[in-house]
Amino acid sequence: SQKLNDLYSQIYANSTINGYPEDVVAYRAVQFKSYYTDAAKQYEMTFDDFLSQYLQMTEEEFDSQTTSIIQNSMTQEMLMKAIAENENLEVKRADVSSLDEVCEVCQGADAVISAFNPGWNNPNIYKETIEVYLTIIDGVKKAGVNRFLMVGGAGSLFIAPGIRLVDSGEVPEKILPGVRALSDFYLDFLKKEKEIDWVFFSPAADMAPGVRTGRYRLGKDDMIVDIVGNSHISVEDYAAAMVDELEKPEHHQERFTIGY
């Protein structure tokens, strides 16, 4: 919400950051660039072409912005950690493939958000995604929690009338099993779920670390694209929209999506 964004901006403006560990910044810079180079490979594109098409920038512009993006992200992390410590929020470890452990960790919660992914390089990603999400749903029910929000995928979004992304031939073969797993779970299982108040929040086709702009569009089942036809969103804006949905529910037993 705008009030939440304004409050966060005020906290950000009034906070003092004494410095950023240089080794951490350097390490994250390598990770940050590696993320996009791997994405370019998945789409069978050169790094320059990927940056030009999806981020509308050159490699030189990308490199010049990397440090500020990483420092901004680290600032957000430090602020969130400080807020969590001040509010006595607790971090717990649980095996999400265990019904009893999911139930135990969800006990007493007003809502549950799940971002489970067994790993894009996992050869059993399709099977494990569906099996574990079925376990998570059962664990949430067993714990007596009615509200469930899921970090969904973009594969089941329509890119044209009657054509979903996952069936378009545009998804790289390397990540297709994971994309299809989330799509099939949503279409074949979650849409049939009537006992709990669930939400499947599909990101844009390209979601990557970036900055929190607070400026994005929401939709239902059709992929959101920008003026040049690209579908993208930063992790930070996606997370902010998820928190908005958590605090002020607007969607019930349905999917919605986001994009610039």
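Just so it is clear, the structure is predicted and the values come from calculations on it, not from any experiment.
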Practice task
Classify the ring geometry between F62 and F47 as parallel (under 30°), tilted (30 to 60°) or perpendicular (over 60°).
Solution key: perpendicular
Handout entry: Side chain W198, main chain L190, donor-acceptor under 3.5 Å
Key = yes
Handout entry: Lys/Arg N to Asp/Glu carboxylate O, R212 vs D237, below 4.0 Å
Key = no
Practice task
Give the ring-plane orientation class for F185 versus F189, where under 30° counts as parallel, over 60° as perpendicular and anything between as tilted.
Solution key: parallel
Exercise for the section: May I ask you to say whether E193 pairs ionically with K141, meaning some side-chain N is under 4.0 Å from a carboxylate O? Expected result: yes
Exercise for the section: Check the surroundings of atom CG in D110: do more than 12 heavy atoms from other residues, nucleotides or ligands lie under 6.0 Å from it? Expected result: no
Handout entry: S234: side-chain hydrogen bond (donor to acceptor under 3.5 Å, both in side chains) partners, not counting sequence neighbours
Key = Y260
Problem - S183 side chain to R180 backbone, donor-acceptor under 3.5 Å - result: no
Problem - Listed once per pair and sorted, the ring pair (Phe, Tyr, Trp, His ring centres under 6.0 Å) pairs that draw on residues 78-121, sequence neighbours left out - result: F116-Y133
Practice task
First locate atom CZ of F256, then atom CG of L157, and finally report the distance between them rounded to the nearest 0.5 Å.
Solution key: 12.0 Å
Practice task
List the steps and the verdict of side chain to side chain donor-acceptor pair (under 3.5 Å) for N122 and E128.
Solution key: CA-CA 9 Å; N122 184 337; E128 290 184 17; 3.0 Å; yes
Practice task
Inspect the surroundings of OH in Y35 and state if more than 12 heavy atoms from other residues, nucleotides or ligands are less than 6.0 Å away.
Solution key: yes
Handout entry: Modelled atom types, side-chain donor and acceptor of T46 and D49, under 3.5 Å
Key = yes
Problem - Under 3.5 Å: donor-acceptor pair, side chain of E236, backbone of T213 - result: no
Problem - Donor-acceptor under 3.5 Å (E101 side chain, D95 main chain) - result: yes
Handout entry: Criterion salt bridge (charged side-chain N to carboxylate O under 4.0 Å, His left out) on K174 and E44, from CA distance to verdict
Key = CA-CA 11 Å; K174 183 177 180 180; E44 299 180 345; over 6 Å; no
Handout entry: E104 CD: over 12 foreign heavy atoms closer than 6.0 Å
Key = no
Handout entry: Heavy-atom neighbours of K41 NZ exceed 12 at 6.0 Å
Key = no
Exercise for the section: Could you check S202 against R255 for side chain to side chain donor-acceptor pair (under 3.5 Å), going step by step and ending with a plain yes or no? Expected result: CA-CA 7 Å; S202 290; R255 178 255 296 288; 2.9 Å; yes
